[in-house]
Amino acid sequence: MRGNPCYLRAMPEERPRDLAAEARKLPKADRLLAAADRAGFVARLGHAPVMELVRSALEDARERVMAGEACPASEEIEETLLRRLGGEARGALRRVVNATGVVLHTNLGRAPLSAAAAAAMQAAAGHVNLEYDLEAGERGDRYGHAAPALCRLTGAEDALVVNNGAAAVMLALAALAEGTPARDGQPPGPAPGAGADLPEVIVSRGQLVEIGGGFRVPDVLRRSGCRLVEVGTTNRTYARDYEAAAGPATRILLSVHRSNFRLSGFVHDATLAELVELGRRLGLWVVEDLGSGALLPTAPFGLPPEPTVGERVRAGADLVCFSGDKLLGGPQAGLLVGRREAVARARRHPLLRALRVDKVTLAGLAATLAHYERGEAAAQVPVWRAIAQPVEALSARAERWRAALAGAAPGAEVRDARSAVGGGTLPEVTLPTRVLALPSPDPDRLSARLRAGDPPVVGRIEEGLLLLDPRTVLPGEDEALVAAVRAALVVP
Ligand SMILES: *Cc1c(COP(=O)(O)O)cnc(C)c1O
């Protein structure tokens, strides 16, 4: 469309000739393509992507000419093209230095993985015994790889791994809604017969939460083929509310952990133990959507208590669902742990095929769980290592950055600030930290330059200062961070 003759006709009388003459000075596509080829981009990216950028570089230049500017020098167009190709070659998904101080930053990929987890995932890139029993030489169980460790770490009878926390909840509801548990010598009950009401799931009004990324408990429930029965009020729900609402179509009592917000004041929730007692008495499943799924107690880290998976399993929930990449600190995954019969139903459900987890994830998860089994999680799982960093260590690191940048950022100073856990866990909880504060006449621009760097560095702006928090910068990233900051501070 650009450079269309109609466009020219709309210009003032004597302009068209000038513009056309200028436009003829634009370099030929072939010349730009040859430059890209000499720089090795055709070999790295392939012909078509390079040609697309060549055309767009030429179009941009032509647009400037049509707007009345002089034709840019061929060298300038070439340089722009090579810069864009460089960006493309670094790949769409890039390593980023997280200097935000948000430990579980969902937009930055949540939990960073340990070296052992990364190595295990790399090793799983080839052929693995994913569904192959090496001893027997026959088909094995994909889900057998992480389950024993999950059972040992949580006290559960059985465990299952799917793609993410949302998938775990969906599968738990879909699978358990199809029947009732076997209890006290009673055989398990059937699914509600044809023509019967949809199976019902009872949830407290205070727990009908939205987690983010479009995960809303009422919607997930409906998609799982269940009918939602709300009980209680926003702030107070009692066990007797669940009991009063339970009818012949009821299958599940669902408890949802309020991961990302707090209720305070005149508040009451039925405890999980009360729901378990009620479930036993009425022959109903009890499912807990726990969200962050801490395997370690949080209090020793100076955090408010967060229920651990083991506590919830011990409280007697049939299934506890949680994420692999929140406080567990592993790859994106959804875990279901709990009673044998309940996990077996989830494993048999046809939905599992659509939610199943891949070999690379399983390898990373197993390696992450191994850190917990060896009792080294606080030191080896990056999420916990970041949370556990003492202020003195953070301060010393920020001071080292300041010293290294003294020439480039003379006004930089180390000051007190707060880091957050994030990832929809531990809302409003912050940890004391020490950050490097960069003064700038235009902090938004500095922030943009840092994001455009190599590697991109993401910080945060507070009170007109750009803050870089060492808590979330991985060990070994200091040099890259300092170099990237120095480059961003050099005003072109
Ligand atoms: C985070 C969360 C989920 C969703 O888990 P994903 O792994 O993000 O899919 C579901 N329920 C609760 C309570 C959560 O906190």
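Numbers here simply count residues along the sequence, with the first being 1. All values below were derived from every heavy atom in this structure, side-chain atoms included, with hydrogens, water molecules and symmetry-related copies excluded. Just follow the structure's listing: the first ligand is 1, and inside any ligand the first atom is 1.
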For [X], does the [atom1] atom sit with more than 12 other heavy atoms under 6.0 Å from it, leaving out its own atoms?
X	atom1	result
Arg139	CZ	no
Leu93	CG	no
Glu376	CD	yes
Arg223	CZ	no

May I ask whether [X] places a heavy atom under 4.0 Å from ligand 1?
X	answer
Lys326	yes
Arg110	yes
Asp289	yes

Name the closest protein heavy atom to atom 15 (O) of ligand 1, giving the residue it belongs to and the distance to 0.1 Å. Ser259 OG, 2.5 Å
Looking at every non-hydrogen atom in both residues, tell me the closest pair between Val161 and Leu335 and how far apart they are. CG2-CD2, 4.4 Å
I'd like to check whether [X] has a polar contact with ligand 1, where a contact means an N/O of the residue lying under 3.5 Å from an N/O of the ligand.
X	value
Gly165	yes
Asp325	no
Ser323	yes

Would you say Ser114 and His371 are linked by a side-chain donor-acceptor pair, where the criterion is simply a distance under 3.5 Å? yes
Keeping the roles fixed (side chain from Gln207, backbone from Val256), state whether a donor-acceptor pair exists under 3.5 Å. yes
Could you tell me, atom by atom, which parts of ligand 1 come under 4.0 Å of a heavy atom of His257? 13 (C)
Relative to atom 9 (O) of ligand 1, which among Ala166, Gly291, Ser255, Ala333 owns the nearest non-hydrogen atom? Ala166
